[in-house]
Amino acid sequence: MAKLTPRMKNWLEGLGAHIGTATKKGFPTTIVVDSAKVEGDNIVKFQLSEAQVAQVKQNISENPQVALGPGGLGSIRAAYQFKGVARIESTTLVVEVREIYCTKPGPEAALRLDTLPYENIIKFESTRWRDTGPPK
Amino acid sequence: MKLPKEIVDALRIKQPDDVIVYLTTCSVDGKCNISPQPFTDVYADEFILMPDLFAVKTKINLNENRVGVVTIAHPVEGKAWALRGPCGHIEWGLPDNYDFQGVKAGDILKKWGEWSEKESFSALPPDVRPHVIAQRGVIVLKAADCLSVNLDDSGKKII
């Protein structure tokens, strides 16, 4: 099971994410949410607008697979991609993260992180970034 | 679809104030990949170009499902757009007359195949910049839809 680090949680909660969804035949739709709430090790909740629910509801019902990229400056400073399965509860998109990847431009792009021991993920982060979340 | 000037201006090469976008692609059975792209340009007011630096999963997806979505990640003020359309990658080694959605590989690679000649990668902060630049080609998205990503009208066609 994927386990988000405190840094990952801080960036997602602070700046939200771009959320990729698709039909089961692979036609993509991306929505943007500017904050999130992380619960436990790997549950990320996004409060959606009515328009966003209408936009992705059919996709999620036929294909719950989603991909998340941290929003704003997180796109480059928090170079992670989270993949998982989602469901919609009222106007909340609930994502269970199952895979975590590095998206830092360069040879480490696409490196899978959640298969590393947790302490190694923390070490990986600490040797590449000095911050623990977005600027206040 | 011709993009309006404000979108073209936002995505064109400029320094030092450049945008970072996300490119969403997905496998043919709907598993998405969302990849940050720190460099963009626009060709013929219709094609969004991004250098293929290390786009592993993106290229796997585009080899089987040629569609993508570009959204603006930073800075976002006044740039609440999702640009969706046919998306492919033009790699070094393709014949000059290889055609993707009306653009020729030779024309794209001649002008954007060595992206660092047009835009310095050193504009990126040191902890973000790749240690080694090895451009394999150019990712091309032909804008077919322009959708809002604003909360109140997300998904509405803007153009």
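All chains are named by letter (A, B, ...) in the order of the sequence lines, taking the proteins before the strands, and each is independently numbered beginning at 1. Heavy atoms only: backbone and side chains are in, while hydrogens, waters and symmetry mates are out.
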Presence of salt bridge, [Y] and [X], under 4.0 angstrom:
X        : Y        : result
A:Lys37  : A:Glu39  : yes
B:Lys157 : B:Asp145 : yes
B:Lys31  : A:Glu99  : yes
B:Lys59  : B:Glu91  : yes

Is [X] close to chain A through its backbone or its side chain, or both, or neither, when contacts mean heavy atoms under 4.5 Å?
X       : answer
B:Lys57 : side chain
B:Ser27 : backbone
B:Asn65 : side chain
B:Val76 : neither
B:Ile20 : side chain

Among [options], who wins on heavy-atom pairs under 4.5 Å with chain A?
options                              : result
B:Thr25, B:Val28, B:Val56            : B:Val28
B:Leu53, B:Val69, B:Asn150           : B:Val69
B:Leu151, B:Val67, B:Val149, B:Val21 : B:Leu151
B:Pro38, B:Ala73, B:Ala82            : B:Ala73

Kindly list each side-chain donor-acceptor pair under 3.5 angstrom involving residues 21-33 of chain A, sequence neighbours excluded, with atom names and distances?
residue, atom, partner, partner atom, Å
A:Thr21, OG1, A:Thr29, O, 3.4
A:Thr21, OG1, A:Asn59, ND2, 2.9
A:Thr23, OG1, A:Lys25, N, 3.3
A:Thr23, OG1, A:Gly26, N, 3.2
A:Thr23, OG1, A:Phe27, N, 3.0
A:Thr29, OG1, B:Arg84, NH1, 3.2
A:Thr30, OG1, B:Thr24, OG1, 2.9

Residues of residues 94-114 of chain B contacting chain A, heavy-atom criterion under 4.5 Å, by residue number: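 Residues of residues 94-114 of chain B touching chain A at under 4.5 Å: none.
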Would you say [Y] and [X] are linked by a side-chain donor-acceptor pair, where the criterion is simply a distance under 3.5 Å?
X        : Y        : value
B:Trp115 : B:Asp41  : no
A:Glu108 : A:Tyr101 : no
A:Gln47  : A:Thr91  : yes

Plane angle bin for B:Tyr22 and A:His18 - parallel if under 30°, tilted between 30 and 60°, otherwise perpendicular: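 Rings of A:His18 and B:Tyr22: tilted, 30 to 60°.
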Within 45° cone of A:Phe82 ring axis and under 6.0 Å: A:Arg98 NZ or CZ: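 Because its charged atom misses either the 6.0 Å distance or the 45° angle limit, A:Arg98 does not stack over A:Phe82.
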B:Lys142 charged N/C atom sitting above B:Phe47 aromatic ring, 6.0 Å / 45°: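 No, a cation-pi geometry is absent between B:Lys142 and B:Phe47.
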Residue A:Gln81 versus chain B: region with a heavy atom under 4.5 Å: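 For A:Gln81, the side chain is the part near chain B, not the backbone.
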A:Leu15, part contacting chain B, at a heavy-atom distance under 4.5 Å: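 For A:Leu15, neither part sits under 4.5 Å from chain B.
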Partner of B:Trp81 by side-chain contact (heavy atoms from CB on, under 4.5 Å), out of B:Leu3, B:Ile72, B:Thr71, B:Leu147: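 For B:Trp81, the side-chain contact (heavy atoms from CB on, under 4.5 Å) test succeeds with only one of B:Leu3, B:Ile72, B:Thr71, B:Leu147, which is B:Ile72.
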Among the listed options A:Arg128, A:Lys104, A:Arg77, the residue most often paired with chain B at heavy-atom distances under 4.5 Å: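 Ranked by contacts with chain B, first place is A:Arg77.
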Choice from A:Ala67, A:Ala110, A:Ala54 maximising heavy atom contacts with chain B below 4.5 Å: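 Winner by heavy-atom pair count: A:Ala67.
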